[in-house]
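Contents: one structure, followed by commentary.
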Amino acid sequence: MSGKRRSGREDALVEEEDQLTIIPLGAGQEVGRSCHLLKYKGFTIMMDCGIHPGLEGLMKLPYFNLASLSEVDIVLITHFHLDHCGALPYLLERTTFKGKVFMTHATRDIFHWNLIDQVRVSALTSSTNALYTEEDVRNSIKKITAVSFHQSTTIDGVTFTPYYAGHVLGACMYEIEIAGVRILYTGDYSREKDRHLMTAELPPHSPDVLLIESTFGTQIHSSREERENRLKAKIQSTVLEKRGKVLIPAFALGRVQELLLILDDYWQKNEAIRSVPLYYASNLAHKCMYAYKQHVPNFKLRHVQSLHSANDFETRHNPLEPCVVLASPGMLQNGLSRELFESWAGNSSNCVILAGYSVEGTLAHHLKNVPKVVESLKGEPLAVECDVQIITFAAHVDFTQNLDFIHAMDASHVILVHGNKRGMKDLKKRIERSYEGAEKEISIHDPKNTVAVVFHYRGEKMAKIMGSLVKSLEARGRVCGVLVSKNFNNMILAPDEIKAYTNLMTAVVNQKQIVPFDYTLDLLTNMIASTHGMSTVQEIRGTPPDQKLNQQQQTSSTSTSSAIDLESNDESLVKKEEVVNDCRKIWTKESEDDIDEKAAQQLVAIEVMECVRCSVDTDKRQLVIEWSSSPEADMWADAILAMVMQTPYRPEAIKQAAAQLKPAKEEDQRVVIAKGLFKLLSRQFGKHAVSREDNTVVVSDGARTGKIHLSTMKVSCDDIALHRRLFAVLNRLRATTSV
């Protein structure tokens with residue numbers, strides 16, 4: 001799209017292709033199952049495809065039932081967390097989706113193991129049927145294309161580029177460009193520098209639409225240093241002073257790597273705590289550590305011991321001794337972190353540190369309210385005596401960081417996603433307040449799931465004239481060709497040059513419709529003319545085959561007679577035959593000189609609007625309608641067919657139309673005859689000698705002057721010789737045109 005863009009509902013009527021629509025299928029006024037549809041210019045792009053960690057079964061999925069998944073062209077995955085990619089195997093293996101999937105190299109490397117682990121954990125802890133199998137995960141990885149950061153990929157005119165988003169290894173935000181309109185989808189992003197990840201970068205272009213996370217709403221994080229000091233102090237007081245145990249529920253991958261680096265560094269610098277075991281309980285993390293070492297230089301842990309299961313922990317650790325365990329999952333839904341919590345919750349010497357974000361409906365989120373009793377996995381009441389601390393290391397922007405990013409991006413439209421309803425409402429108000437008094441107008445949206453946000457972008461469409469049409473434009477100032485559009489670039493080409501400039505092939509579809517018809521072409525002509533006007537119908541006249549032989553015989557006879565007459569000594573007869581022969585010679589050239597011959601022959605067909613030909617087969621009593629398919633020709637063919645089919649039921653209307661058109665046809669015929677007469681006389685006497693005075697043709701031959709009156713078709717002339725010549729021409733026209 002070129003030219004000036006207009007957004008908003010300025011026009012009541014907007015072409016559908018000018019509508020940019022974004023529909024949250026998940027993460028609309030909620031955290032979890034991030035999935036957003038972007039529709040524009042006939043393309044559909046899905047941004048993320050996650051599951052909801054707080055729900056079960058099919059309820060975990062985005063609202064796939066409200067989308068036409070077979071129409072989705074591209075899926076862009078921002079990172080490997082389950083709430084952003086957990087539904088991808090289901091989409092690829094259990095639905096009608098046939099598009100392409102993209103994610104960064106690091107995300108694809110970890111995606112496989114993360115989803116396999118999800119299937120196995122769900123099989124052990126969930127009573128509902130699994131969404132997909134390990135085989136589905138293995139098959140889906142084959143359908144994923146990995147892209148590099150800052151690598152622009154173009155598919156059918158849609159371009160997308162991943163930029164660093166911080167958050168976790170491989171996480172990216174996508175800049176998408178379709179027909180000149182830019183959309184930036186941040187996914188989960190962090191503007192805080194980590195030990196092993198760079199901060200989210202600012203893409204170089206200001207987007208038209210910014211789709212941005214709002215996980216923490218208007219909350220403001222304390223400084224990184226303050227949070228690290230709180231974490232270290234709480235661990236030290238628990239394990240060294242109380243001799244208790246510390247459980248840090250964490251995602252198997254992502255934030256936990258940063259926490260491990262923080263604690264490993266603390267163990268390295270604090271000799272007093274080195275005697276306390278520091279465990280990382282995740283078989284998945286062990287498998288994915290290769291990916292971290294491959295993508296993160298100098299990633300090394302010196303004091304962390306790996307655990308593969310609860311049995312492994314019981315075998316290696318003395319239950320009476322203090323320890324620190326980081327275990328997945330981070331929201332305590334199931335798995336080892338849940339088992340350890342239920343074992344340690346009843347001891348006040350122990351501590352649970354919630355370091356990440358938790359979704360409503362999960363145990364981790366419930367513990368933020370410091371309940372005295374919770375429900376165990378077995379459905380039994382479980383007393384909570386241990387200390388519960390919230391020290392957030394979630395790699396999401398807080399309010400200040402989010403607002404700064406929004407202002408830096410300078411988008412005209414901002415859509416808030418991935419946040420709870422109340423937090424998003426508060427954030428929306430704060431953002432709008434920050435723009436009060438600013439010159440730039442900005443719209444903020446916080447849609448619910450399945451509620452579409454629609455923008456309108458309309459601009460001037462530019463087309464490049466190619467090939468021979470360039471000379472046509474220079475010569476005539478206008479062109480007539482075929483508009484060819486590819487990847488939002490337009491060209492105007494001559495039809496016979498389409499193959500030279502594109503991969504397209506041209507063809508003409510000729511159509512024929514034969515219907516019963518008991519009437520004449522004259523009647524059909526009158527019917528069409530009475531409805532659409534006489535100018536829409538062109539009569540095609542010719543000689544029927546059975547009359548050609550008679551005409552040839554008549555021509556031969558006339559030639560012989562002329563030869564005999566020319567030998568006569570009668571000067572007047574000679575002159576008369578000269579006039580007749582002159583007329584005949586001129587008449588044979590009339591097709592070249594646009595002298596209308598159609599009145600001299602029988603009506604064999606009619607052509608409507610120069611695109612539909614109609615003829616009658618009198619023997620079979622059929623009307624043959626023929627045309628080369630085009631929108632205009634198809635329309636006229638349908639109109640003629642409808643008229644013909646109604647003919648038996650409209651006798652009075654047909655008679656009336658014929659009666660009304662009779663004078664008009666006679667007048668048209670006289671005009672044709674007058675034009676032919678004028679040209680014939682100009683040939684004999686010269687154009688300077690023939691003139692038109694009102695309804696009279698005047699011929700001046702030296703001192704002689706003669707007139708032919710068009711209204712009566714009679715000759716008036718005082719000179720006998722000139723009178724004869726004019727009369728001969730007029731008789732010739734009378735004989736051939738029946739006027």
Side-chain angles (χ1 to χ4, degrees), residues 30-33 50-57 59-60 81-83 86 114 117-128 215 231 234-235 238 244-260 279-285 307-310 313-314 323-348 350-396 420:
E30 68 174 3
V31 176
R33 58 178 170 187
I51 57 176
H52 197 298
L55 301 175
E56 293 294 330
M59 295 296 294
K60 297 167 72 73
H81 278 159
L82 294 178
D83 63 328
N114 198 17
D117 183 71
Q118 154 71 12
V119 172
R120 292 174 180 174
V121 171
S122 296
L124 293 173
T125 60
S126 178
S127 59
T128 59
T215 310
L231 175 67
K234 177 51 65 175
I235 290 175
T238 301
K245 301 175 181 64
V246 176
L247 172 63
I248 305 178
F251 289 107
L253 298 166
R255 206 71 320 241
V256 68
Q257 276 69 36
E258 183 68 14
L259 289 171
L260 288 172
Y279 296 112
Y280 178 27
S282 173
N283 187 41
L284 171 64
L307 293 176
H308 300 290
S309 64
F313 175 71
E314 292 175 359
C323 65
V324 176
V325 180
L326 288 85
S328 62
M331 300 188 194
L332 295 170
Q333 310 99 294
N334 46 41
L336 183 56
S337 65
R338 181 63 175 264
E339 293 181 34
L340 293 176
F341 170 77
E342 293 190 3
S343 297
W344 299 350
N347 191 334
S348 61
N350 298 332
C351 179
V352 176
I353 299 177
L354 302 176
Y357 186 85
S358 56
V359 175
E360 292 183 19
T362 61
L363 177 59
H365 189 273
H366 185 40
L367 287 177
K368 290 182 178 181
N369 299 322
V370 194
K372 295 297 182 181
V373 179
V374 297
E375 184 178 328
S376 69
L377 286 174
K378 295 180 180 180
E380 300 173 353
L382 176 67
V384 180
E385 301 291 342
C386 64
D387 185 17
V388 177
Q389 293 290 321
I390 303 172
I391 307 175
T392 301
F393 285 88
H396 296 270
N420 63 66

Taking atom CE of M331 and atom CG of L82, what is their separation to the nearest 0.5 Å?
9.5 Å

Return the minimal non-hydrogen interatomic distance between N334 and R338, and the atom names on each side.
O-CB, 3.4 Å

After noting the C-alpha distance and the side-chain angles of L231 and F393, does the key distance pass the side chain to side chain contact (heavy atoms under 4.5 Å, CB included) rule?
CA-CA 10 Å; L231 175 67; F393 285 88; 4.0 Å; yes

For the pair K60 (side chain) and L55 (backbone), establish whether a donor and an acceptor sit closer than 3.5 Å, ignoring hydrogens and angles.
yes

When you look at L332 and T362, which way does the side chain to side chain contact (heavy atoms under 4.5 Å, CB included) test go after all the steps?
CA-CA 7 Å; L332 295 170; T362 61; over 6 Å; no

Could you check whether any side-chain heavy atom of W344 comes within less than 4.5 Å of a side-chain heavy atom of V325, counting everything from C-beta outward?
yes

Working to the nearest 0.5 angstrom, can you tell me the gap between I391 CD1 and I235 CD1?
7.5 Å

From C386 atom SG to L247 atom CG, the distance as rounded to the nearest 0.5 Å:
8.5 Å

Show which side-chain atoms of residues 364-373 pair as donor or acceptor with protein atoms under 3.5 Å away, not counting sequence neighbours.
| from | atom 1 | to | atom 2 | distance (Å) |
| --- | --- | --- | --- | --- |
| K368 | NZ | S358 | OG | 3.3 |

Stepwise side chain to side chain contact (heavy atoms under 4.5 Å, CB included) test for I51 and Q118:
CA-CA 11 Å; I51 57 176; Q118 154 71 12; 3.8 Å; yes

What closest approach, in Å, do G330 and P249 show between heavy atoms, and which atom pair accounts for it?
O-CB, 3.6 Å

Quick check: does any side chain N or O of R33 sit under 3.5 Å from a backbone N or O of M59, one acting as donor and the other as acceptor?
yes

Nearest 0.5 Å please: distance from the CD1 atom of I390 over to the CD1 atom of I353.
11.5 Å

Quick check for you: to the nearest 0.5 Å, what is the distance between L336 atom CG and L326 atom CG?
11.0 Å

Report the distance from atom OG of S337 to atom CD1 of I248, rounding to the nearest 0.5 Å.
12.0 Å

Closest heavy-atom pair, G54 versus H52, reported as atoms and distance to 0.1 Å, is N-ND1, 3.0 Å

Candidates L363, V374, L377 - the one meeting side chain to side chain contact (heavy atoms under 4.5 Å, CB included) with E342
L377

Let's go through N350 and F341 carefully: what are the C-alpha distance in whole Å and the side-chain angles of both, what is the deciding distance for side chain to side chain contact (heavy atoms under 4.5 Å, CB included) to 0.1 Å, and is it a yes or a no?
CA-CA 10 Å; N350 298 332; F341 170 77; over 6 Å; no

